[in-house]
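Worksheet: one structure, shown below.
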Protein chains: 2
Amino acid sequence: MKGVRVRSKIWLEVDGKPLLGSGRERLLRAIDTEGSLNAAAAELGISYRKAWAQLQHMEKHAPFPLVERSKGGKGGGSTHLTRETRELLARYARLKTGLNELIDEKFAQEDES
Amino acid sequence: MKGVRVRSKIWLEVDGKPLLGSGRERLLRAIDTEGSLNAAAAELGISYRKAWAQLQHMEKHAPFPLVERSKGGKGGGSTHLTRETRELLARYARLKTGLNELIDEKFAQEDES
DNA sequence: ATATCGTTATGCAAATTTCGCATAACGATA
DNA sequence: TATCGTTATGCGAAATTTGCATAACGATAT
C-alpha cells in the first residue's frame, strides 16, 4: 500500500487513566537528568506549566509517589525521581523496545504490499 | 505492578496523518453493514456530524477513494465501501489481531509483577 | 533578622479543538 | 412536482489545551 505507514503506541494505565506513555517518559527522563522540573521543561522545549500539569496527572493516578520535590533553598528547589519510578521507566522502556522489535519483525514486509 | 495495565494501539498513517485506527475501523465496518453513513452513526451511537467529519478526514489522506456516496433518490441516498477499502480493513484487522496476540504472549505475564 | 534567587505551584484568560444542533441540498420515485 | 431519507455544512456552544503572570517557598548569604 503506497505511502501508508504502520504506527503503534504502547502505554500504561491504572484504572483506565493514562499513567505513562512515551511523552511522559521523556518528561520523567528529563527530570532525572536535569534534577528539576523547570530545567526538564526547558530541555524538552515545553512550558513549565505544561510539564507541571503532566506530572500532576501522572501522580494523580500512580500507585506510588513518582517524585520528591523541594521548594526554596539553594538553587530554588528540585524534583527527583523515586527509585520506584526509575524501575517503572526501565520496565516501560523494555516494553516499548520489545513491541517495536516485534512490529518490525512481523509486519515490516507485510507493509510493503 | 499492582493495578497497572499495558495498553496498546496500532494504526495506519499516510504522510504523518492518521488514516485508519480502531475507531475509524468501526465506522467503516458499520457503513459496510448498514449501507449508509447516517445509519452507521446511529449504530455506533455517535452524531452524524461526527461520523461525517471522521470520514472526511480519512478520505482527505487516503491514497484511493474509500467510499461511493449517492444523494437523493429512493431511500434518500447511500454510502458504500470500495473494494480497496474492504481490503484495507482486512489488512488492518490482521495487523491488529497479530499485535494483540503478540502482546498477550510476550507481555502478559511480565505485567503481573 | 532579612534580602536574594531560582525553583515549585496555580489562577486565569486566550487560543484551539471538539461537539452537535439546525438547516440546506439532493434526486429517484410516487 | 411533492415526498422522503439521506448526504453535506455553517455556526455557535462546550470542552480542552495552552501559556502568561504571579504567588509561595526556604536554604544561603549578608
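Sequence lines set the chain letters: A, B, ... in the order given, protein chains first and strands last, and positions in each chain run from 1.
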field: Pair assignment for dT30(D), Watson-Crick or G-U wobble, requiring both distances under 3.5 Å
entry: dA1(C)
message: Can you work out whether Gly73(B) or Lys71(A) has the more 5'-proximal nearest nucleotide on DNA chain C?
response: Lys71(A)
message: What is the distance, to the nearest angstrom, from the CD atom on Gln54(A) to the C1' atom on dT10(C)?
response: 16 Å
- request: Rounded off to whole Å, could you give me the CZ-to-P distance for the Arg49(A) and dG11(C) pair?
  value: 8 Å
- prompt: For His57(B) and dT18(C), what is the distance between atoms NE2 and C1' respectively, to the nearest whole Å?
  reply: 11 Å
task: Just call it for Gly77(B): base, sugar-phosphate, or nothing, with non-hydrogen atoms closer than 4.0 Å on any strand.
output: sugar-phosphate
field: Nearest to side-chain heavy atoms of Asn38(B), which nucleotide of dT10(C), dT6(D), dG19(D)
entry: dT6(D)
- request: Rounded to the nearest angstrom, tell me the gap between atom CG in Leu44(A) and atom C1' in dG19(D).
  value: 16 Å
Whole-Å distance separating the CD1 atom of Ile46(A) from the C1' atom of dT17(D): 13 Å
query: Do the side-chain N and O atoms of Ser70(A) and Ser78(A) include a donor-acceptor pair separated by under 3.5 angstrom?
result: yes
- request: Measure from CD on Glu68(B) to P on dA8(D) and round the result to the nearest Å.
  value: 13 Å
- prompt: So what does Arg69(B) touch, heavy atoms closer than 4.0 Å: a base, only the sugar-phosphate, or nothing?
  reply: sugar-phosphate
task: Return the value, rounded to whole Å, for the distance between atom CD1 of Ile31(A) and atom P of dA9(C).
output: 11 Å
message: Counting only side-chain nitrogens and oxygens, does Thr79(B) get under 4.0 Å of the OP1 or OP2 atom of dT7(D)?
response: yes
message: Can you tell me which nucleotide in dC20(D), dA8(D), dT7(D) comes closest to the side chain of Ser36(B)?
response: dT7(D)
Shared hydrophobic cluster for Leu12(B) and Leu28(B) (ILVMFWY, side-chain gaps under 4.5 Å): yes
- request: Figure out the CD/P separation between Gln56(A) and dT16(D), and round it to whole Å.
  value: 18 Å
Leu20(B) and its side chain to side chain contact (heavy atoms under 4.5 Å, CB included) partner, picked from Leu27(B), Leu66(B), Leu89(B), Ile10(B): Leu89(B)
- line: Of Lys74(A) and Lys50(A), the one whose nearest nucleotide on DNA chain D sits closer to the 5' end is Lys50(A)
- request: State which of dA9(C), dT7(D), dG20(C) makes the closest approach to the side chain of Tyr48(A).
  value: dA9(C)
- prompt: For Glu59(A), does the CD atom sit with more than 12 other heavy atoms under 6.0 Å from it, leaving out its own atoms?
  reply: yes
message: Going by purine N1 to pyrimidine N3 plus the second Watson-Crick contact, or the G-U wobble pair, all under 3.5 Å, which nucleotide sits opposite dT29(C)?
response: dA2(D)
message: Under 4.0 Å from OP1 or OP2 of dA8(D): is there any side-chain N or O of Trp52(B) that close?
response: yes
field: Flag for Gln54(A)-Trp52(A): side-chain donor and acceptor within less than 3.5 Å
entry: no
